[in-house]
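In what follows, chains carry the letters A, B, and so on, assigned in the order in which the sequence lines appear, proteins first and then strands, with residues in each chain numbered from 1. On a predicted model such as this, the values are computed, not experimentally measured, just so you know.
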Amino acid sequence: MEEQTFFKKVYKVIRQIPYGKVTSYGAIASYLGTKGSARMVGWAMNKSFTSSENIPAHRVVNRNGMLTGKHHFGSPNIMQQLLESEGIKIVDDKIVDFQKFFWEPTTKNG
DNA sequence: GGTGTGACCAGCT
DNA sequence: AAGCTGGCCACAC
């Protein structure tokens with residue numbers, strides 16, 4: 001049943017991210033069992049725009065809580081605005097209290 | 001169809 | 001302590 005590749009799994013996990021929460025690439029990759037594929041997660045975000053799915057890529061940042069991929073949203077302020085819109089504070093392209101908003105990948109979908 | 005690339009992470013020097 | 005390299009896997013040319 002889990003024929004979905006690591007790439008597809010990434011999308012599923014990201015869509016599981018609740019409102020006002022964020023997670024890191026490594027957390028997702030590690031959760032899937034491939035910590036080394038952290039960059040694949042980020043890259044999946046890039047494809048998320050062209051993908052037919054709605055992926056809240058703005059809720060995904062690096063382990064430092066830094067908005068590294070903000071450039072890929074078409075504008076380097078979209079990602080920050082989206083996060084702030086959810087109640088997340090951002091300073092210097094970094095999430096304030098990142099751990100407080102950090103959400104652990106839990107695909108408890110059943 | 002092979003090679004390169006990519007929004008990362010962690011270990012080694 | 002800081003800088004560089006490897007690793008992972010799917011997509012584009």
Side-chain angles (χ1 to χ4, degrees):
Chain A
M1 191 61 84
E2 314 203 342
E3 308 251 347
Q4 302 281 339
T5 58
F6 169 82
F7 192 90
K8 291 294 189 61
K9 291 179 185 175
V10 174
Y11 285 141
K12 296 179 75 167
V13 176
I14 291 170
R15 284 185 300 197
Q16 297 294 343
I17 301 175
Y19 179 91
K21 291 288 183 178
V22 293
T23 187
S24 64
Y25 307 96
I28 297 170
S30 179
Y31 170 75
L32 297 177
T34 51
K35 182 177 69 174
S37 299
R39 14 193 246 174
M40 281 309 314
V41 180
W43 192 53
M45 306 285 102
N46 193 343
K47 307 303 297 183
S48 68
F49 294 99
T50 59
S51 179
S52 304
E53 303 290 345
N54 181 11
I55 309 296
H58 63 274
R59 292 184 187 156
V60 186
V61 296
N62 64 351
R63 74 178 190 90
N64 290 332
M66 187 180 293
L67 281 55
T68 50
K70 64 177 186 168
H71 275 284
H72 296 267
F73 285 80
S75 212
N77 6 318
I78 296 176
M79 186 174 188
Q80 178 169 340
Q81 288 182 355
L82 287 171
L83 291 170
E84 288 182 337
S85 180
E86 298 191 359
I88 299 174
K89 192 66 152 299
I90 300 180
V91 174
D92 190 21
D93 297 339
K94 284 188 292 191
I95 297 175
V96 181
D97 294 333
F98 175 57
Q99 290 184 343
K100 185 159 69 177
F101 296 107
F102 182 78
W103 172 84
E104 184 179 1
T106 54
T107 56
K108 48 177 163 181
N109 56 357

Residue list, side chain to side chain donor-acceptor pair (under 3.5 Å) with A/Q81, at least two apart or on another chain:
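Partners of A/Q81 by the side chain to side chain donor-acceptor pair (under 3.5 Å) criterion come out as none, since no residue qualifies.
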Residues that A/R39 engages under side chain to side chain donor-acceptor pair (under 3.5 Å), provided they are two or more places apart
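None.
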Apart from A/Y19 itself, what residues make up its hydrophobic cluster when side-chain heavy atoms of I, L, V, M, F, W and Y under 4.5 Å apart count as a link, directly or indirectly?
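The other cluster members (ILVMFWY side chains, heavy atoms under 4.5 Å, direct or chained): none.
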Can you check nucleotides 11-13 of chain B for protein contacts, nitrogen or oxygen pairs under 3.5 Å, and list what you find?
none

Can you list everything that forms a salt bridge (charged side-chain N to carboxylate O under 4.0 Å, His left out) with A/R15? Sequence neighbours excluded, please.
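So A/R15 forms a salt bridge (charged side-chain N to carboxylate O under 4.0 Å, His left out) with A/E53.
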Does A/D97 have any salt bridge (charged side-chain N to carboxylate O under 4.0 Å, His left out) partners at least two apart in sequence or in another chain, and if so, which?
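For A/D97, the residues satisfying salt bridge (charged side-chain N to carboxylate O under 4.0 Å, His left out) (neighbours in sequence not counted) are A/K100.
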Above 12 or not: heavy atoms from other molecules or residues under 6.0 Å from NZ of A/K94?
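No, not enclosed.
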Does A/D92 have more than 12 heavy atoms from other residues, nucleotides or ligands lying within 6.0 Å of its CG?
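Counting other residues, nucleotides and ligands, CG of A/D92 exceeds 12 neighbours.
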Describe the nucleic acid contact of A/A57 in one word from base, sugar-phosphate, nothing, applying a heavy-atom distance below 4.0 Å.
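It contacts base atoms.
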If you look at every strand shown and take non-hydrogen atoms under 4.0 Å, does A/N62 touch a base, only sugar-phosphate, or nothing?
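Sugar-phosphate, backbone atoms only, no base.
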Specify the residues of residues 74-91 of chain A, ordered by number, for which at least one heavy atom lies under 4.0 angstrom from an atom of DNA chain C.
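Heavy-atom cutoff 4.0 Å gives no residues at all.
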Can you tell me which residue among A/I55, A/V13, A/V10, A/I28 is in a side chain to side chain contact (heavy atoms under 4.5 Å, CB included) with A/V60?
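Between A/V60 and the candidates, side chain to side chain contact (heavy atoms under 4.5 Å, CB included) is satisfied uniquely by A/I28.
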Which of these passes side chain to side chain contact (heavy atoms under 4.5 Å, CB included) with A/I90: A/L67, A/V61, A/V96?
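By the side chain to side chain contact (heavy atoms under 4.5 Å, CB included) criterion, A/I90 pairs with just one of A/L67, A/V61, A/V96: A/L67.
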Please name the pair of heavy atoms, one in A/P56 and one in A/N54, separated by the smallest distance, quoted to 0.1 Å.
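Smallest heavy-atom distance, with atoms named: CD-O, 3.5 Å.
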Please table the atom pairs, donor to acceptor, closer than 3.5 Å between any side-chain atom in residues 69-78 of chain A and protein atoms at least two apart or in another chain.
from	atom 1	to	atom 2	distance (Å)
A/K70	NZ	A/D93	OD1	3.1
A/K70	NZ	A/D93	OD2	2.6

Using the salt bridge (Lys or Arg N to Asp or Glu O under 4.0 Å) rule, collect all pairs that involve residues 72-89 of chain A, keeping only residues at least two apart or in two chains.
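Sorted pair list: A/R59-A/E86.
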I need the CZ-C1' distance between A/F98 and B/dC8, as an integer number of Å.
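So the CZ-C1' distance, A/F98 to B/dC8, works out to 12 Å.
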Short N/O separations, protein against nucleotides 9-13 of chain C, under 3.5 angstrom:
from	atom 1	to	atom 2	distance (Å)
C/dC11	O3'	A/K47	NZ	3.1
C/dA12	OP1	A/K47	NZ	2.7

Expected output is a numbered-order residue list: members of residues 63-73 of chain A with a heavy atom under 4.0 Å from any atom of DNA chain B. What is it?
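Under 4.0 Å from DNA chain B: A/R63, A/T68, A/G69, A/H72, A/F73.
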Could you list the residues that satisfy ring-ring contact (aromatic ring centres under 6.0 Å, His included) with A/F101, not counting sequence neighbours?
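Residues passing ring-ring contact (aromatic ring centres under 6.0 Å, His included) with A/F101: none at all.
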